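I have placed the structure first, in the form of structure tokens, so that the comments after it can refer back to it.
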There are 4 protein chains.
Amino acid sequence: MPRVTAAVKEEHRRRLIDAAAEEFAARGYAGAKVDDISIAAGLARSTIYNYFESKEAVFRAVLDDFAVRSTAELAEIPKEGPVRERLLALAEADRAVLADREAFTRVAFRELLTQPLEVTRELWPNRAVDPFDKRLRSVLAAGQQAGEIRDDRTVEELARIFATLSNGLLFEHWLPDSPIRMEEIPELLVDYFLEGAQPA
Amino acid sequence: MPRVTAAVKEEHRRRLIDAAAEEFAARGYAGAKVDDISIAAGLARSTIYNYFESKEAVFRAVLDDFAVRSTAELAEIPKEGPVRERLLALAEADRAVLADREAFTRVAFRELLTQPLEVTRELWPNRAVDPFDKRLRSVLAAGQQAGEIRDDRTVEELARIFATLSNGLLFEHWLPDSPIRMEEIPELLVDYFLEGAQPA
Amino acid sequence: MPRVTAAVKEEHRRRLIDAAAEEFAARGYAGAKVDDISIAAGLARSTIYNYFESKEAVFRAVLDDFAVRSTAELAEIPKEGPVRERLLALAEADRAVLADREAFTRVAFRELLTQPLEVTRELWPNRAVDPFDKRLRSVLAAGQQAGEIRDDRTVEELARIFATLSNGLLFEHWLPDSPIRMEEIPELLVDYFLEGAQPA
Amino acid sequence: MPRVTAAVKEEHRRRLIDAAAEEFAARGYAGAKVDDISIAAGLARSTIYNYFESKEAVFRAVLDDFAVRSTAELAEIPKEGPVRERLLALAEADRAVLADREAFTRVAFRELLTQPLEVTRELWPNRAVDPFDKRLRSVLAAGQQAGEIRDDRTVEELARIFATLSNGLLFEHWLPDSPIRMEEIPELLVDYFLEGAQPA
DNA sequence: AATGAATGAGCATTCATTCAT
DNA sequence: AATGAATGAATGCTCATTCAT
């Protein structure tokens, strides 16, 4: 029999990932200390190296874990109804996932902006297969069909703009003293995405 | 008389700032090495400390230098004409400034996403006084007056969305294998900002 | 289980303190190199930082270690007998402690002459509570009572002069090419303290 | 004609030595910065190197200057009279010289306690030739002749004790929160030197 | 598997000294 | 003689990673 059961090991792994998410969120990738993560997880100094190869591997694990959660969350979105409502549901779902790990997401964004980590390159959601993006594109296609969405741009282009606005709002929300609150982002996103600056 | 003239010193300072911009861009703030910057500028290891107090001061100097350039660039923008054209001119001017120091801008964005540096906090353009933002708001106000821009949102809100889209597109452009090229950003920005996803 | 046992760790700590005492003694506080101490203790460059927070903490540890030894040594001194003999016993005990760490004591004296280190300020024996000084004062008081010691000065003043002569002799002994040997200090000290320059 | 007159040069040298004495006094030998001395003297950064070879040479110059002053001061002492009075006059003269540069003297003592500087070794007054010490020995010899001073010790030994007490008192005076004031040192010195702890 | 002591590469910064003007 | 920019050796300390137990 192994010294610890598989369940205990799984539990340790879970705690390490959670602790890592918090540490990375609080101090950034470079600033986070491997030892601190291990200790925050209730284990000894370098026990984390029994679970992960390196600091970068820990970061990757947090990202993976995050991806898994996101996918799980997505199930709920309505597959019918007006475009605006379906987009709103998508945006809300996205926010729900992000809100859970907002600080870490911020760091992930941050790391994406330089290439210190090969990880980030790999792990940025490949939109072609990203479930969220697939759903988004199907909603947009339906909207075009119904004449509610402009069709001088491809669905991919429109989806990209949706993501652009979404990321931009998140960034704006993260700026010092931003007036934008996380909760209002979905509505702002959908409203501006659909209307732009057009007069009503 | 000193070993080098004031002109040479100015030249060295220039080279140090340029080298610093590149180093910070390539490796991020934490990753950049002070020694490397000095050497990349063609000077000896620690000569940079004759010009700047600390690593952070170097970073600040690059940001300042950037701010100075931006302001200079802005002069050219037309103060009359259709909203779309004036917005486009603004977006182009912004892009011109960014293009010059794109990599460094990327790092500045990056550093903004954690607050390791008081600098960044201070230096994020205070939109109330930012000349670019002031210009933008005056264009938007004129557009509202002319009925070309929605007026159920304040000028400040609209300006924020413009910035949001702008930052979002930049971010999108920086993603690995992004199809968005820097040059097309101004047009995309203005088009989506004005029309949203509305059918023509 | 850790790489080395607690006993080994204690041994390492011991070696580090000894090595530090020698380094500080040889080069002064500022001149001593942390790395060299670690290496002199048979450990790797920075291993010393597993034991002490900083260079100053190492210095403090040496001082503490010294204080512990001094107190231990003091037990043996006779509590009865003629003043001269009891003073001599005290002086001998003091010398015994010093001889053990003479070079370091020298550095401690040295550091006391500027206040670069808060440590030194704190650690200079508070004479009111110093066991050596308490013993000394009780001997002097007994001497006054017996009429063997002048009583136009307080016990505190006399004790201070005793310390003054003691420190002075130590200093004299440390001068280049001094004829005063450590071993003869106790006798010189007691003789001059009691007789001054009086003819027999 | 040289660019500066000899008088100006002499004046600069004077200012450099004075500034150096203060800097060394305030920060110790290692802590003092050559640049700061030069600037404190009202000259530019490294101008001091036109006057002295190195930091150590500056220190030596301060010591020399000090020695010169001391000798000058000594002239005043009475060559006749009771031993106690003549010793007191010597002690007072010594104090007068020290008081003038007390902080620097402290540093000189300090540097004497390790051997970072060959200077100190060389420059510690060679007592055989030191004018102060010569005078002291002649007073003591006279005292022995008159039966006022013990003669079971040589004049050299007695002079050494006098110096020992003197240095010890100085040191005591420099201790944190010492009750001993500079002005009372001469009297304490002579009294204890002559009487020791003997009852009156 | 867990532990934590040991390791050493790495890095920002200081400062005495040199030297071209 | 005066200047001050340039230099580079030197050093305290951090932290990811290794490894013996």
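All figures in this text were calculated on a predicted structure; none of them were measured in a lab. In what follows, chains are A, B, ... by sequence order, proteins preceding strands, each numbered from 1.
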For atom [atom1] of [X] and atom [atom2] of [N], their distance in whole Å:
X	N	atom1	atom2	value
Phe52(D)	dT17(E)	CZ	P	13 Å
Lys9(B)	dT21(E)	NZ	C1'	15 Å
Ile48(C)	dT14(F)	CD1	P	13 Å
Glu23(C)	dT11(F)	CD	P	11 Å
Tyr49(D)	dA16(E)	OH	P	6 Å
Lys55(D)	dA10(F)	NZ	C1'	14 Å
Arg45(D)	dA16(E)	CZ	C1'	12 Å
Glu10(A)	dA1(E)	CD	P	12 Å

I'd like to check [X] versus [Y] (side-chain heavy atoms, cut-off strictly below 4.5 Å). Are they in contact?
X	Y	value
Leu16(B)	Val58(B)	no
Trp174(D)	Glu102(D)	yes
Leu113(D)	Val107(C)	no

What is the pairing partner of dC13(F), taking Watson-Crick or G-U wobble pairs with both distances under 3.5 Å in any strand? dG10(E)
Using Watson-Crick or G-U wobble geometry with both distances below 3.5 Å, tell me the partner of dT21(F), or none.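 Per the H-bond distance test, dA2(E).
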Closest to the [X] side chain, choosing from [options]:
X	options	value
Leu43(D)	dA5(E), dT3(F), dT17(F)	dT3(F)
Ser46(D)	dG4(F), dA5(F), dA1(E)	dG4(F)
Tyr51(A)	dG8(E), dA2(E), dA16(E)	dA2(E)

Between Ala30(C) and Thr47(B), who's closer to the 5' end of DNA chain F by nearest nucleotide? Thr47(B)
Strictly below 4.0 Å, N to O, side chains only: are Arg45(C) and Asp36(C) in salt-bridge contact? no
Before accepting this row, confirm whether a basic side-chain N of the pair Arg14(D)/Glu10(D) lies closer than 4.0 Å to the acidic partner's carboxylate O. no
Do the ring planes of Phe24(A) and Phe59(A) sit parallel (below 30°), tilted (30 to 60°) or perpendicular (above 60°)?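 Judged by the thresholds at 30° and 60°, the geometry between Phe24(A) and Phe59(A) is perpendicular.
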Under 4.0 angstrom between His12(C) side-chain N/O and dA6(E) OP1 or OP2: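 It does, given that an N or O in the side chain of His12(C) lies less than 4.0 Å from OP1 or OP2 of dA6(E).
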Enter the distance from Leu63(A):CG to Glu111(A):CD here, rounded to the nearest 0.5 Å.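 The CD atom of Glu111(A) is 9.5 Å from CG of Leu63(A), to the nearest 0.5 Å.
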Please tell me which of Asn50(C) and Ser54(D) maps to the more 5' nucleotide of DNA chain E, matching each residue to the nucleotide holding its nearest heavy atom.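 Checking each residue's closest nucleotide, the 5'-ward one belongs to Asn50(C).
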Those residues of residues 31-42 of chain C lying under 4.0 Å from DNA chain E by at least one heavy atom: none
